[in-house]
Amino acid sequence: MSSRIRLRNRFQLLAALLSTVVQLPTVLWLCWLTRTPLPALVALLVSLPYLRQLQSPWHTTAPAPSTYLALGWWSACLVFDLLMLPASLAVQAGMPMGATWGLAGALALGVGVDAVLGRPRLRKRVVRVEGLLPELDGYRIGQISDVHCGPHVPESRVSSWVARLNALDLDLVTITGDLITHGSSHVEAVARALGGLRAKDGAFACMGNHDYFTDGEHLIRELERGGLTVLRNRGVVVKRGGARLYVAGVDDTWTSRHDLARALAGRPEGIPTVLLAHDPDLFPEAQARAVELTLSGHTHGGQLAVPGVRRLSLARFITRWTAGLYRQGRSWLYVNRGAGTTGPPARLGAPPELAVITLRRA
């Protein structure tokens, strides 16, 4: 048996074990409530098609509805598991049992549906920059990241995100990497969709690690053909009246293509800089080079996280910069949770997002 087959079998076994552990408390409770084994049978029928699909995890066709049904059900079970103890305590404290468990179930189902069908939130943040000229005060920068166009994210969905950003009449729009999932099947599609981005001073992109899970040069050619400016270890000066803004981008860190010094080499002295860097771990180096604002992605906010507590997410296993806005000295970092997904097409506690960063004078 080849090592690849063994790895796939182990992955399937792990997925089956995790899904069983997540479902077991909820299913046992439902069996007790109904006095029948029917909930266990339903859980089995919901889970098996998706577990079987994992035999070919790199499929390129559109996922079956059973994929979203299974992932939504598992997410709902996980939330209900977490609600069991507080719901039990509420009943013991005198709350009506039917209303309490009904509320817990409705909340769990709502979260389950949102985990697989959730629409990206629009996050708006303000960054105060010392020495910002009046012409750039209020300058709005849109950001879309980690699109992962592929089987779970078709071109039509990416186009809908583009339309939302275009409706905001932004000054600048940025794309911070991971535009595809893998392979070449969706390269032209994502280039067409993102090529529709419009802003007063243009649309700029940097590359992410997934963008080299295909022929990266081909992807870059398609993006530039669609009208985007791809910044690979270089920058450009954007003018607004008498003010200037330096917009730079670094290449992928996973394949060691990044060169921050080269990206900033053309920066005129004394003008604010916006750096596109897919990997947020470049932020300390960017701060050391006095970059005012770094826009990143990569983490997905963990895809699985405790809502409102950004330290408690799967992203903590890869970086300290998990999601949202950070500041060190005069430098800012915004880590976008991304619009798409990798692996299971579900998010729990880390909703997808589009971002708008507004520059203000400090």
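The figures that follow rest on heavy atoms only: side chains count, while hydrogens, waters and symmetry mates do not.
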Measure the spacing between [atom1] of [X] and [atom2] of [Y] and express it to the nearest 0.5 Å.
| X | Y | atom1 | atom2 | result |
| --- | --- | --- | --- | --- |
| Leu219 | Glu188 | CG | CD | 9.5 Å |
| Leu231 | Thr176 | CG | OG1 | 12.0 Å |
| Thr255 | Met207 | OG1 | CE | 8.5 Å |
| Asn336 | Ile144 | CG | CD1 | 8.5 Å |

Among side-chain atoms of [X] and [Y], is any donor-acceptor pair under 3.5 angstrom?
| X | Y | value |
| --- | --- | --- |
| His258 | Asn233 | no |
| Asp146 | His300 | yes |
| Thr253 | Asp279 | yes |
| Thr341 | Gln303 | no |

Mutual orientation of the aromatic rings belonging to Trp29 and Trp101 [parallel < 30°, tilted 30-60°, perpendicular > 60°]: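 Answer is tilted, since the angle falls between 30° and 60°.
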The single option from Arg244, Arg140, Arg240 passing salt bridge (Lys or Arg N to Asp or Glu O under 4.0 Å) against Asp201: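 Result: among Arg244, Arg140, Arg240, Arg240 is the only option passing the salt bridge (Lys or Arg N to Asp or Glu O under 4.0 Å) with Asp201.
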query: With Glu353, which of Arg337, Arg125, Arg119 fulfils salt bridge (Lys or Arg N to Asp or Glu O under 4.0 Å)?
result: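 When Arg337, Arg125, Arg119 are each tested with Glu353, the salt bridge (Lys or Arg N to Asp or Glu O under 4.0 Å) holds only for Arg337.
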- request: Find out if a path of hydrophobic residues (ILVMFWY) with successive side-chain heavy-atom gaps under 4.5 Å connects Leu170 to Leu228.
  value: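 Per the 4.5 Å side-chain linkage, Leu170 and Leu228 are co-clustered.
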State, yes or no, whether a side-chain contact exists between [X] and [Y] at a heavy-atom distance under 4.5 Å.
| X | Y | result |
| --- | --- | --- |
| Ser331 | Glu292 | no |
| Ser296 | Leu333 | yes |
| Trp161 | Leu354 | yes |
| Tyr68 | His152 | yes |
| Val250 | Leu275 | yes |
| Asp211 | Ile180 | yes |
| Leu172 | Phe204 | yes |
| Phe283 | Trp321 | yes |

Under 3.5 Å donor-acceptor, [X] side chain and [Y] backbone:
| X | Y | value |
| --- | --- | --- |
| Arg327 | Gly329 | yes |
| Arg234 | Val230 | yes |
| Ser313 | Ala315 | yes |
| Ser145 | Gly338 | no |
| Tyr139 | Glu135 | no |

query: For His278 and Asn209, what are the C-alpha separation, side-chain angles and deciding distance, and is it a side-chain hydrogen bond (donor to acceptor under 3.5 Å, both in side chains)?
result: CA-CA 8 Å; His278 178 68; Asn209 53 300; 3.2 Å; yes
Would you call [X] and [Y] a salt bridge, using N to O less than 4.0 angstrom?
| X | Y | result |
| --- | --- | --- |
| Arg361 | Asp137 | no |
| Arg121 | Asp114 | yes |
| Glu285 | Arg289 | yes |

Cation over ring face, Arg257 and Tyr212, 6.0 Å, 45°: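 The answer is yes; both the distance and angle limits are met.
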- request: Flag yes if more than 12 heavy atoms outside Met84 fall under 6.0 Å of its CE atom; otherwise flag no.
  value: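 More than 12 within 6.0 Å, yes.
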message: Is it true that, when you exclude Lys124 itself, more than 12 heavy atoms of the residues, nucleotides or ligands shown sit nearer than 6.0 Å to its NZ?
response: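 12 or below, so no.
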message: For a side-chain hydrogen bond (donor to acceptor under 3.5 Å, both in side chains) check, start with the C-alpha distance between Glu224 and Thr229, then their side-chain angles and the critical distance, and finish with the verdict.
response: CA-CA 6 Å; Glu224 292 184 333; Thr229 300; over 6 Å; no
query: Quick one: side-chain hydrogen bond (donor to acceptor under 3.5 Å, both in side chains) partners of Ser47, sequence neighbours excluded?
result: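 Listed in chain order: Gln23, Trp74.
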message: Is it the case that the ring center of His210 lies less than 6.0 angstrom away from the ring center of His182?
response: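 Here the rings of His210 and His182 have centres that are no less than 6.0 Å from each other.
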